[in-house]
Asker: 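The following block contains the structure, expressed as structure tokens.
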Amino acid sequence: MKRIFPIFITLVLVAILGTTLLSSCGESANRKRLRKEIQSLNSECPKPLTGDITLTEAKLEGDSVVYICYYDEQQGSIESMAKDKGLMKLKMQNALARTNFTESKGLLEVLDKENLYLKYSYTGSKSKKQLSVLITPDDVRTIRNTASDLKAVSKQTLELTVRQTRMLLPMVVDTGMTCTKVEYADNYLRYTYEVDEDIYDIASINAARSEIKQDILQDLKNSIGTAMLQSIIDAESQLEYTYQGNRSQQNTSIGFTINDLKEALNN
């Protein structure tokens, strides 16, 4: 009996270890690579994906990679975005396409080879409400096959940004200042603001253009995010703000070249 018990324990341990080894051996090289990609991605978190979406955690759950994201509701509620989940999905497909030009492109490749889903799970910054968007294996495959031009992908980023922003207009951005129009054309991302002339004088804005431009450059990273600034640069485009008086209809514009935007990113 004394001899049987140790033999029994040994057999159990061998069985457990054998199962563990088989499980380890059964995991594909791609799946192991995926775990490393996720680990690397988590080391960069919080990581901006778009101007209003920040990745806080990535994890593997069954046949899906799950991105836990923070959605900045400063310029629009998560409920308003839920009304057009198609737009949200396009935004995420576009963000994924951008990774095809970075060191993170390996993740896209593994998702394709392992036939995995990618699920984005958002939580609103103010409402704490949640929204999810699912990217299918076919979506991933399409992205990999079509995302070959960073400039074209970045232009699409700006077009999607315009589409999203238009859903929120008119939008009060400060006392006496309302964003009434946004467009992307001729390699310019243009925002038009209606100015309350009881508070702001268009002539004074025009006279202080240099100072205002420097103030805006300092604020750009916080107002539209580093991801959006990078998209404008990669699209080889420029940014322009136009201020129009609500009574006189007089206006003045302040523009930002690619070098201006690079300066904002680097400082």
Side-chain angles (χ1 to χ4, degrees), residues 37-59 65-78 80-81 85 87-108 111 118-133 135 140 143 147 150-165 167-168 171 173 182 184 189 191 216-237 239 256 258 260-267:
E37 292 285 353
I38 290 174
Q39 185 178 15
S40 175
L41 194 57
N42 279 325
S43 70
E44 300 175 32
C45 291
K47 179 183 176 69
L49 299 181
T50 67
D52 51 7
I53 297 171
T54 300
L55 176 67
T56 58
E57 182 188 2
K59 56 186 178 180
V65 172
V66 181
Y67 278 9
I68 308 299
C69 301
Y70 167 91
Y71 181 78
D72 186 356
E73 294 182 289
Q74 185 176 356
Q75 295 187 350
S77 71
I78 203 166
S80 65
M81 292 302 101
K85 287 187 71 172
L87 173 59
M88 288 293 283
K89 183 169 181 174
L90 284 172
K91 282 186 66 176
M92 292 304 93
Q93 288 174 319
N94 177 263
L96 267 181
R98 290 186 64 80
T99 67
N100 218 27
F101 306 95
T102 71
E103 58 277 6
S104 299
K105 66 180 180 180
L107 177 62
L108 207 56
L111 286 173
L118 178 58
K119 179 182 178 182
Y120 289 90
S121 180
Y122 312 98
T123 298
S125 57
K126 295 178 182 178
S127 67
K128 305 304 178 186
K129 291 187 176 180
Q130 296 184 322
L131 174 69
S132 63
V133 172
I135 306 295
V140 171
I143 292 167
L150 179 58
K151 182 178 178 180
V153 169
S154 299
K155 283 178 176 289
Q156 185 192 39
T157 302
L158 302 184
E159 289 163 358
L160 292 171
T161 298
V162 167
R163 179 174 159 184
Q164 178 181 345
T165 305
M167 294 169 58
L168 308 173
M171 178 170 58
V173 297
V182 60
Y184 179 59
L189 179 62
Y191 290 88
I216 294 175
L217 278 173
Q218 291 300 317
D219 190 51
L220 271 176
K221 282 196 285 188
N222 294 328
S223 62
I224 64 174
T226 56
M228 179 54 66
L229 278 176
Q230 191 62 57
S231 294
I232 298 172
I233 293 168
D234 291 339
E236 299 178 13
S237 297
L239 179 65
F256 300 88
I258 292 177
D260 291 332
L261 302 179
K262 286 180 178 178
E263 180 184 338
L265 271 181
N266 295 329
N267 292 334

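Bear in mind the structure is a predicted one, so any value in this text is a computation, not a measurement. We number each residue from 1, following the sequence as shown.
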Asker: How many angstroms lie between atom SG of Cys69 and atom NZ of Lys119, to the nearest 0.5 angstrom?
Answerer: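 Here the interatomic distance stands at 11.5 Å.
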Asker: Side chains of Asn94 and Leu90: closer than 4.5 Å at any heavy-atom pair?
Answerer: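 Result no, sub-4.5 Å side-chain heavy-atom pair not found.
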Asker: Minimum heavy-atom separation for Gln230 and Leu265, please, with both atom names.
Answerer: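 Smallest interatomic distance, heavy atoms only, reads OE1-CD1, 3.3 Å.
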Asker: Would you compute the distance between atom CG of Leu111 and atom OG1 of Thr99 and round it to the nearest 0.5 angstrom?
Answerer: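 Rounded to the nearest 0.5 Å, the CG-OG1 separation comes out at 9.0 Å.
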Asker: Just checking, any donor-acceptor pair under 3.5 angstrom between side chains of Gln74 and Asp52?
Answerer: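 Gln74 vs Asp52: no donor-acceptor pair found between side chains.
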Asker: So does Glu236 pair up with Lys151, basic N to acidic O under 4.0 Å?
Answerer: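 Yes, this pair counts.
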Asker: So Gln164 and Leu160, side-chain contact (heavy atoms from CB on, under 4.5 Å) or not? Walk me through it.
Answerer: CA-CA 6 Å; Gln164 178 181 345; Leu160 292 171; over 6 Å; no
Asker: Report yes if the side chains of Tyr70 and Thr123 come closer than 4.5 Å at any heavy-atom pair, otherwise no.
Answerer: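 No - every pair of side-chain heavy atoms lies 4.5 Å or more apart.
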Asker: Find the distance between CZ (Phe256) and CD (Glu263) and round it off to the nearest 0.5 Å.
Answerer: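 Phe256 atom CZ to Glu263 atom CD measures 10.5 Å (nearest 0.5 Å).
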Asker: Shortest non-hydrogen contact from Tyr191 to Thr161?
Answerer: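 Minimum heavy-atom separation between Tyr191 and Thr161: OH-CG2, 4.3 Å.
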Asker: Ignoring hydrogens and angles, tell me if any N or O in the side chain of Glu73 forms a donor-acceptor pair with the backbone of Ser127 under 3.5 Å.
Answerer: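 Side chain of Glu73 to backbone of Ser127: a pair is present.
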Asker: Search all heavy atoms of Ala97 against all heavy atoms of Val153 and return the closest pair with its distance.
Answerer: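 Nearest pair, atom of Ala97 first, then Val153: CB-CG1, 3.9 Å.
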Asker: Set out, in order, the CA-CA distance, both residues' side-chain angles and the distance that settles side-chain contact (heavy atoms from CB on, under 4.5 Å) for Ile143 and Leu108, then state yes or no.
Answerer: CA-CA 9 Å; Ile143 292 167; Leu108 207 56; 3.9 Å; yes
Asker: Where the side chain of Ser231 meets the backbone of Thr157, is there a donor-acceptor pair that is under 3.5 Å apart?
Answerer: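 No; judged by distance alone, with no hydrogens or angles, the pair does not exist.
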Asker: Quick one: closest heavy-atom pair of Gln93 and Ile135, and the distance?
Answerer: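 Closest approach of Gln93 to Ile135, heavy atoms only: CG-CD1, 3.8 Å.
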Asker: Looking only at heavy atoms, which two atoms of Lys85 and Ser132 are closest? And how far apart?
Answerer: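 For Lys85 and Ser132, the tightest heavy-atom pair comes out as NZ-O, 2.9 Å.
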Asker: Between the side chains of Arg98 and Asp234, is the shortest nitrogen-to-carboxylate-oxygen separation below 4.0 Å, so that they form an ion pair?
Answerer: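 Arg98 and Asp234: salt-bridged.
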Asker: Taking Ser40 for the side chain and Glu37 for the main chain, is one N or O donor matched with an acceptor at less than 3.5 Å?
Answerer: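 No, the answer is negative, given that no donor and acceptor are paired below the 3.5 Å cut-off.
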Asker: Side-chain contact, heavy-atom cut-off 4.5 Å: Leu41 with Tyr67?
Answerer: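 Sidechains of Tyr67 and Leu41: in contact.
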Asker: Checking the side chain of Asn266 only, and the main-chain atoms of Lys262 only, is there a donor and an acceptor separated by less than 3.5 Å?
Answerer: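 Present.
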Asker: Kindly compute the distance separating CG (Asp72) from OG (Ser125), expressed to the nearest 0.5 Å.
Answerer: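 OG of Ser125 is found 5.0 Å from CG of Asp72.
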Asker: Can you tell me how far apart CG (Leu49) and CE (Met92) are? Round to the nearest 0.5 Å.
Answerer: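 Between atom CG of Leu49 and atom CE of Met92 there are 6.0 Å.
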Asker: Would you call Ile53 and Pro48 a side-chain contact if the rule is heavy atoms closer than 4.5 Å?
Answerer: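 The answer is no, as the side chains (C-beta and beyond) never meet within the 4.5 Å cut-off.
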Asker: Once rounded to the nearest 0.5 Å, what's the spacing between atom NZ of Lys89 and atom CG of Leu96?
Answerer: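 If we round to the nearest 0.5 Å, Lys89:NZ and Leu96:CG are 11.0 Å apart.
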Asker: Given side chains that start at C-beta, do those of Met81 and Tyr71 come closer than 4.5 Å, heavy atoms only?
Answerer: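 Yes. Closest side-chain heavy atoms under 4.5 Å.
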Asker: Minimum heavy-atom separation for Lys155 and Ser237, please, with both atom names.
Answerer: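 Heavy atoms only, the tightest pair is NZ-OG, 4.4 Å.
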